[in-house]
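Here, residue 1 is the first one in the sequence, and each next residue gets the next number. Only this structure's heavy atoms are used, side chains among them; waters, hydrogens and symmetry mates stay out.
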Amino acid sequence: MSAPLYINGIISGHTNMLFSIFGGFLFGFFLEVTGFASGKNITDEFYFRNNRVIQMMVSAILTSTFWFLVFGSLGLIQIPNIWTPNLYLWPYIFGGLLFGVGMAMSGYCPGTSVAAIASGKKDAMVFGLGMLVGMAIFIFGFPFEKDFYVSSDLGQVYWHTLFGANTVISFIITVLIGGFFMGFMQYMVSYVNKNRTESKEYSAQYVIGILALIFVIVVTVLLKTLLPA
């Protein structure tokens with residue numbers, strides 16, 4: 001949100017930190033109002049009772065990817081300068097499976113648990129305590145894990161570089177993958193619920209999405225007028 005302003009020297013580091021704090025509170029607020037701070041809503045996803053989580057996650061990924069391309073084309077950010085972690089194939093697969101099992105059992109991930117703790121949910125507090133214990137185990141056990149931790153390093157991998165193309169190809173592939181997962185989840189939810197539709201289940205999310213889109217468009221116009229050519 002504040003990167004173009006900070007990188008181009010329009011705001012100071014302290015102001016950028018205030019933007020980050022404000023963004024964190026805003027992020028937590030949206031997690032709460034969209035139901036992400038409820039363990040039930042997240043575990044329901046794994047049992048195909050609703051697809052709220054996948055809708056919100058895919059929508060957020062596609063929106064952020066799209067505006068990265070827009071900001072890059074306007075010169076507000078330099079996409080090649082955005083840091084991307086290396087792909088450690090087997091550690092990522094193992095970590096993803098471990099993360100998924102924990103999320104299915106508890107109904108939370110680190111971010112949603114913090115929002116739920118702020119809302120006073122006791123199960124999230126237990127999850128938070130377990131997360132701290134898990135972090136401690138990882139830290140103190142790192143000498144035994146480090147070889148696997150850095151194994152199968154494939155470097156920085158992008159969809160478009162695999163095809164020798166530009167970043168637009170990465171966006172198109174991301175749209176296709178996201179659309180597949182959203183369609184698959186919608187089918188499974190309809191199948192499990194015997195084709196019963198949830199007419200108003202996602203109305204609040206659509207409204208929030210439209211408001212977020214308007215907000216980003218306004219910010220883009222303002223940045224283009226504020227930043228040097």
Side-chain angles (χ1 to χ4, degrees), residues 1 3-4 27 30-31 34-36 41-101 103-104 109 111-112 152-193 195 197-199 201-217 219-220:
M1 182 173 69
F27 179 68
F30 282 122
L31 285 179
T34 54
F36 267 57
N41 286 332
I42 296 177
T43 53
D44 279 352
E45 191 85 11
F46 290 91
Y47 294 100
F48 302 114
R49 297 187 183 123
N50 69 56
N51 62 346
R52 172 182 295 184
V53 175
I54 195 70
Q55 281 193 335
M56 289 297 296
M57 290 184 66
V58 171
S59 298
I61 291 171
L62 296 183
T63 301
S64 60
T65 305
F66 173 75
W67 288 109
F68 266 121
L69 292 177
V70 172
F71 286 166
S73 65
L74 294 176
L76 302 178
I77 60 175
Q78 302 298 320
I79 293 181
N81 294 334
I82 298 175
W83 179 77
T84 304
N86 288 6
L87 173 60
Y88 300 94
L89 183 61
W90 293 114
Y92 277 25
I93 292 175
F94 175 78
L97 291 173
L98 188 63
F99 185 94
V101 170
M103 194 171 183
C109 72
T112 57
S152 58
D153 182 7
L154 301 182
Q156 294 179 332
V157 179
Y158 306 93
W159 285 116
H160 59 277
T161 57
L162 294 177
F163 294 94
N166 58 29
T167 52
V168 176
I169 297 300
S170 283
F171 175 70
I172 293 174
I173 294 176
T174 302
V175 171
L176 294 175
I177 294 174
F180 166 77
F181 278 110
M182 290 182 72
F184 172 76
M185 287 300 300
Q186 184 61 54
Y187 170 79
M188 292 302 299
V189 169
S190 299
Y191 178 80
V192 171
N193 293 330
N195 297 321
T197 58
E198 300 171 70
S199 58
E201 179 74 16
Y202 309 112
S203 57
Q205 298 177 39
Y206 295 145
V207 172
I208 292 173
I210 292 172
L211 292 177
L213 180 61
I214 294 174
F215 170 77
V216 173
I217 292 174
V219 170
T220 302

- prompt: Just how far is it from atom CZ of F30 to atom CE of M56, taken to the nearest 0.5 Å?
  reply: 8.5 Å

- prompt: How many angstroms lie between CD1 in I93 and CG in L98, if you round to the nearest 0.5 Å?
  reply: 13.5 Å

Spacing of W90 atom CH2 and D153 atom CG [to the nearest 0.5 Å]: 15.0 Å

Working for side chain to side chain contact (heavy atoms under 4.5 Å, CB included), residues N86 and L154: CA-CA 7 Å; N86 288 6; L154 301 182; over 6 Å; no

- request: Evaluate whether atom OH of Y92 has more than 12 neighbouring non-hydrogen atoms of other residues, nucleotides or ligands under 6.0 angstrom away.
  value: yes

task: Please check if atom CE in M57 has more than 12 non-hydrogen atoms from other residues, nucleotides or ligands closer than 6.0 Å.
output: no

message: Would you say that W159 contacts I177 through its side chain, given a criterion of any heavy-atom pair below 4.5 Å between the two side chains?
response: yes

statement: So OG1 of T65 and CD1 of I173: to nearest 0.5 Å the spacing works out to 12.0 Å

field: Atom pair CG/OG of L69 and S170 - distance to nearest 0.5 Å
entry: 8.5 Å

Donor-acceptor under 3.5 Å (E45 side chain, V53 main chain): yes

- request: Measure across V189 and N50 and return the closest heavy-atom pair with its distance rounded to 0.1 Å.
  value: CG2-C, 3.5 Å

- request: Determine yes or no for a side-chain-to-main-chain donor-acceptor pair under 3.5 angstrom, with T63 supplying the side chain and A60 the backbone.
  value: no

- prompt: Closest heavy-atom contact between T112 and C109?
  reply: OG1-N, 2.9 Å

task: Kindly assign one of parallel, tilted or perpendicular to the pair W67 and F71, based on the angle between their ring planes and the thresholds 30° and 60°.
output: tilted

- prompt: Would one find more than 12 heavy atoms of other residues, nucleotides or ligands at under 6.0 Å from atom CZ of F94?
  reply: no

query: About how many Å separate CE of M188 and CG of N51, when rounded to the nearest 0.5 Å?
result: 11.5 Å

query: Does a donor on one side chain sit under 3.5 Å from an acceptor on the other, for Y158 and T84?
result: yes

message: Would you say that F48 contacts F184 through its side chain, given a criterion of any heavy-atom pair below 4.5 Å between the two side chains?
response: yes

message: I'd like to know whether CZ of F171 has more than 12 heavy-atom contacts from other residues, nucleotides or ligands below 6.0 angstrom.
response: yes

